[in-house]
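Comments concern the structure below.
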Amino acid sequence: MAVTAAASDVSVDWRGRTCDPRKHGGMKAAVFVLGIQAFEMMAIAAVGSNLITYVFGEMHFPLYRSANIVTNFIGTVFLLSVLGGFLSDSYLGSFWTMLIFGFVELSQGRRARKPAAAGIFFAALYLVALGSGCLKPNIIAHGADQFRRGGDSNDAGRLSSYFNAAYFSFCVGELVALTVLVWVQTCSGMGVGFGVSAAAMGIGLASLVAGAAFYRNKPPQGSIFTPIAKVLVAAVTKRKQVCPSIPTLQGMSSAAAHEMPVSTSHVRRINKFRFLDKACVKVQDGGSAGKESPWRLCKPAEVEQVKMLLCVVPIFACTIVFNTILAQLQTFSVQQGSAMDTSLAASFHAPPASLQAIPYLMLVALVPAYEAVFVPGMRRLTGISTGITPLQRIGVGLFLVTFSMVASALVESRRRATWVADSGRLLSIFWIAPQFLVFGLSEMFTAVGLIEFFYNQSLAGMQAFLTSMTYCSYSFGFYLSSVLVSLVNRVTSRGSADDGGWLANNDLNKDRLDLFYWLLAALSLLNFFNYLFWVRWYSKSVQTVQVTVVGGVAGDHDNEKGTGEC
């Protein structure tokens, strides 16, 4: 048995030379990455947030199909993040991946300004999805790569602070997009809106390039899937071998041990999926064991990485419902606002898409307060450098998000009842604010906790790919939203001859959006308890141990320091 170990922390500058800690990395480099984070978010959020209004109002798709078009587009953006993470870790590196696909997003955003036909519009739209999707995980990973990982508690604290700063820049980008840029789209049309979004993307790329001389760059490691495939093939090939009953580090060859720092460090050991340990077992057949193929004899660190990937899958799955709720705030809640009184003054009406700015307006103030007040206060109580662990942070967010759907259902029920009882009287759009506020608070906990959790699980060389898994959660959440909408319509239409179901009409006053929101609230609460189960399982699966590596050979000092990170 072996332990998870960080791969050598090799970083180079833009010329390929070894980095100087005094010149490269740190917050002075990360600030340029935060720049592209903010401006890229402005560009894509301005498109996605108001897209349902354009598709429904100008392209004349039915409401439920318009909602599915938006969720499918945004889901594709996040699904393509896996491609971006793979290309970065395997072949291009995060900087070049961001630069290449940033220009893809920029060029197609400019082309989408003049959609001569629906086909051309959707082609340009999905090329924007390709550029943005491949860009997103690398922004987070490249910024995090500017800080040391796996050192003392101060290093962990600085990395956690960076993730909070990245979320702050994300909130600023969203806020500008959902106020200024959406207002431009509403007043001047989506063509001008696409042009403004392209300009924001151009500024973001300029920020990325401006910091090139300060970056710590992680060289690509070759295909990240090859070591995973080797472990699976070797474990299946040796399925009849006897696995050692007692976990030790004595099977760690010098080839594997060189991946660990020559010091005493804390690493993780997985006590689940023991059948994969057979990939490290040498075949005793007359002295030929040393000549075994790498596809039959794997490094212990490779086996542990595959185990870690399997361990985090349930945590990943528990965040999908959370992002299904996010999909409602970008689709049906926008249309919900359109069916309300949007007047703020005699001559000014709030664009419904700008409702999504409400939580980000709050978070621009709340995120710095979290870092400056909440983290130090919790640190004194828990002794944890980040205040609470990433898994605890995710759990808080998953619990809170249920109340966003409860608020949505109550407001929609009141809006509909007011319209029916008072002969078409419209409820003020400000009634919709609580559901956005509660979701914004829950997202601050869940989104940052998830990114920090996944980034910290990977060996060096897989950070972008593991970070992309957090965006896959967004993707699956938006796709699940499309499936749920279609399924709910099919199920609820069976007993009704007048309409096609809760969400099948193009009029929210005839639909039963409130019942759909109650359904999502129930699913969210069940998902929270499911998360608690899997966190407990994960905590029992992952042990933190202390390993001393001297002269390239792992010393047999295996002292358990605790289990999990819950």
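Please read these numbers as outputs of a predicted model, since none were measured by experiment.
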After noting the C-alpha distance and the side-chain angles of Phe73 and Phe478, does the key distance pass the ring-ring contact (aromatic ring centres under 6.0 Å, His included) rule? CA-CA 9 Å; Phe73 164 69; Phe478 276 76; 9.7 Å; no
Walk me through whether Ser223 and Tyr91 qualify under side-chain contact (heavy atoms from CB on, under 4.5 Å). CA-CA 7 Å; Ser223 176; Tyr91 302 113; 3.8 Å; yes
If you apply the rule ring-ring contact (aromatic ring centres under 6.0 Å, His included), what do you find for Phe465 with Phe86, and how did you get there? CA-CA 6 Å; Phe465 179 74; Phe86 169 74; 7.5 Å; no
Please assess Ile74 against Tyr474 for the test side-chain contact (heavy atoms from CB on, under 4.5 Å), listing each intermediate value before the final yes or no. CA-CA 8 Å; Ile74 299 176; Tyr474 285 93; over 6 Å; no
Hey, mind stepping through Phe78 and Tyr479 against ring-ring contact (aromatic ring centres under 6.0 Å, His included) and telling me if it holds? CA-CA 10 Å; Phe78 292 123; Tyr479 286 138; over 10 Å; no
Would you sort out whether Leu232 and Leu276 count as a side-chain contact (heavy atoms from CB on, under 4.5 Å), showing the intermediate values? CA-CA 7 Å; Leu232 297 177; Leu276 293 176; 4.1 Å; yes
Between Ser482 and Asn72, is the side chain to side chain donor-acceptor pair (under 3.5 Å) condition met? List the steps. CA-CA 7 Å; Ser482 297; Asn72 289 341; 3.1 Å; yes
Before you tell me yes or no, could you show the steps for Phe445 and Phe399 under ring-ring contact (aromatic ring centres under 6.0 Å, His included), namely the whole-Å CA-CA distance, both residues' side-chain angles and the distance that decides it to 0.1 Å? CA-CA 10 Å; Phe445 283 93; Phe399 177 72; over 10 Å; no
Between Leu175 and Leu363, is the side-chain contact (heavy atoms from CB on, under 4.5 Å) condition met? List the steps. CA-CA 9 Å; Leu175 182 61; Leu363 289 170; over 6 Å; no
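Checked by atom type and distance alone, the side chain of Asp13 pairs as donor or acceptor with a backbone atom of Gly16 at under 3.5 Å. Looking at Arg239, its side chain does come within 3.5 Å of a backbone N or O of Val236 through a donor-acceptor pair. A donor-acceptor pair is defined here as one N or O able to donate and one able to accept, closer than 3.5 Å; such a pair exists between the side chain of Glu304 and the backbone of Ile270. Judged by distance alone, with hydrogens and angles left aside, the side-chain atoms of Ser132 form no donor-acceptor pair with the main-chain N or O of Ala129 at under 3.5 Å. With hydrogens and angles ignored, the 3.5 Å screen pairs a side-chain donor or acceptor of Asn271 with a backbone N or O of Lys540. Side chain of Thr324 to main chain of Gly477: a donor-acceptor pair is present (N/O by atom type, distance under 3.5 Å, no hydrogens or angles). Remark: side-chain polar atoms of Arg216 are paired, donor with acceptor, to backbone N or O of Asp145 under 3.5 angstrom. For the pair Thr389 (side chain) and Gln392 (backbone), a donor-acceptor distance under 3.5 Å is present. Side chain of Gln305 to main chain of Glu302: no donor-acceptor pair is present (N/O by atom type, distance under 3.5 Å, no hydrogens or angles). Panel note: side chain Ser404, backbone Gln435; a donor-acceptor pair is recorded below 3.5 Å.
Listed here is the closest heavy atom pair of Ala464 and Ala141: CA-CB, 3.7 Å. What you find for Leu441 and Met362 is that their closest heavy atoms are N-CE, 3.8 Å. The two residues Phe273 and Cys311 make their nearest non-hydrogen contact at CE1-SG, 3.9 Å. A pairwise comparison of heavy atoms in Thr467 and Thr470 identifies O-OG1, 2.6 Å as the closest pair. The two residues Ala279 and Val303 have their closest heavy-atom pair at CB-CG2, 4.0 Å. Nearest approach of Phe436 to Leu329, heavy atoms of both residues: CE2-O, 3.7 Å.
At a cut-off of 3.5 Å, with distance as the only test, no side-chain donor of Ser408 or Gln328 sits close to an acceptor on the other residue. Between Asn138 and Thr97, the side chains place no donor N or O within less than 3.5 Å of an acceptor N or O (distance only, hydrogens not considered). When only modelled atom types and interatomic distance are considered, Ser473 and Thr319 share a side-chain donor-acceptor pair under 3.5 Å. Side-chain atoms of Tyr167 and Glu452 form no donor-acceptor pair, as typed in the model, at a separation below 3.5 Å.
Considering CG of Leu92 and SG of Cys134, their distance stands at 9.5 Å, rounded to 0.5 Å. The CG atom of Leu450 sits 4.5 Å away from atom CD1 of Ile394, with the distance rounded to the nearest 0.5 Å. One finds the CD1 atom of Ile451 at 8.5 Å from the OH atom of Tyr162 (value rounded to the nearest 0.5 Å). Atoms SG and CD, from Cys171 and Gln37 in turn, are 9.5 Å apart once rounded to the nearest 0.5 Å. Between Phe454 atom CZ and Met469 atom CE the span is 4.5 Å, to the nearest 0.5 Å. With rounding to the nearest 0.5 angstrom, the CG atom of Asp89 is 9.5 Å from the NZ atom of Lys218.
Residues Met444 and Asn164 form no side-chain contact, since every pair of their non-hydrogen atoms from C-beta on lies 4.5 Å or further apart. Here the side chains of Ile320 and Asn527 are not in contact, with every heavy-atom distance at 4.5 Å or above. Side-chain contact check for Val542 versus Met308: some heavy-atom pair is nearer than 4.5 Å. Residues Phe170 and Tyr360 are in side-chain contact: their nearest non-hydrogen atoms beyond the backbone lie under 4.5 Å apart. Looking only at side-chain heavy atoms (C-beta outward), Phe32 and Phe214 come within less than 4.5 Å of each other. Taking the side chain as every heavy atom from C-beta outward, Thr446 and Val401 never approach each other to under 4.5 Å. Inter-residue side-chain proximity for Val312 and Phe453 is flagged as met; some heavy-atom pair is nearer than 4.5 Å. Between Val364 and Glu174, every side-chain heavy-atom pair lies at or beyond the 4.5 Å cut-off.
Annotation: Trp537, atom CH2; neighbour count of heavy atoms from other residues, nucleotides and ligands within 6.0 Å is above 12. Counting non-hydrogen atoms of other residues, nucleotides and ligands closer than 6.0 Å to NZ of Lys28 gives a total above 12.
Scanning for side chain to side chain donor-acceptor pair (under 3.5 Å) contacts around Tyr531 gives an empty result, with sequence neighbours left out. Looking at residues two or more places apart in sequence or on another chain, you find a side chain to side chain donor-acceptor pair (under 3.5 Å) between Thr402 and Ser524.
Aromatic ring centres of Tyr455 and Phe163 lie closer together than 6.0 Å. Aromatic rings of His142 and Tyr215 (six-membered ring for Trp) have centroids within the 6.0 Å cut-off, being under it.
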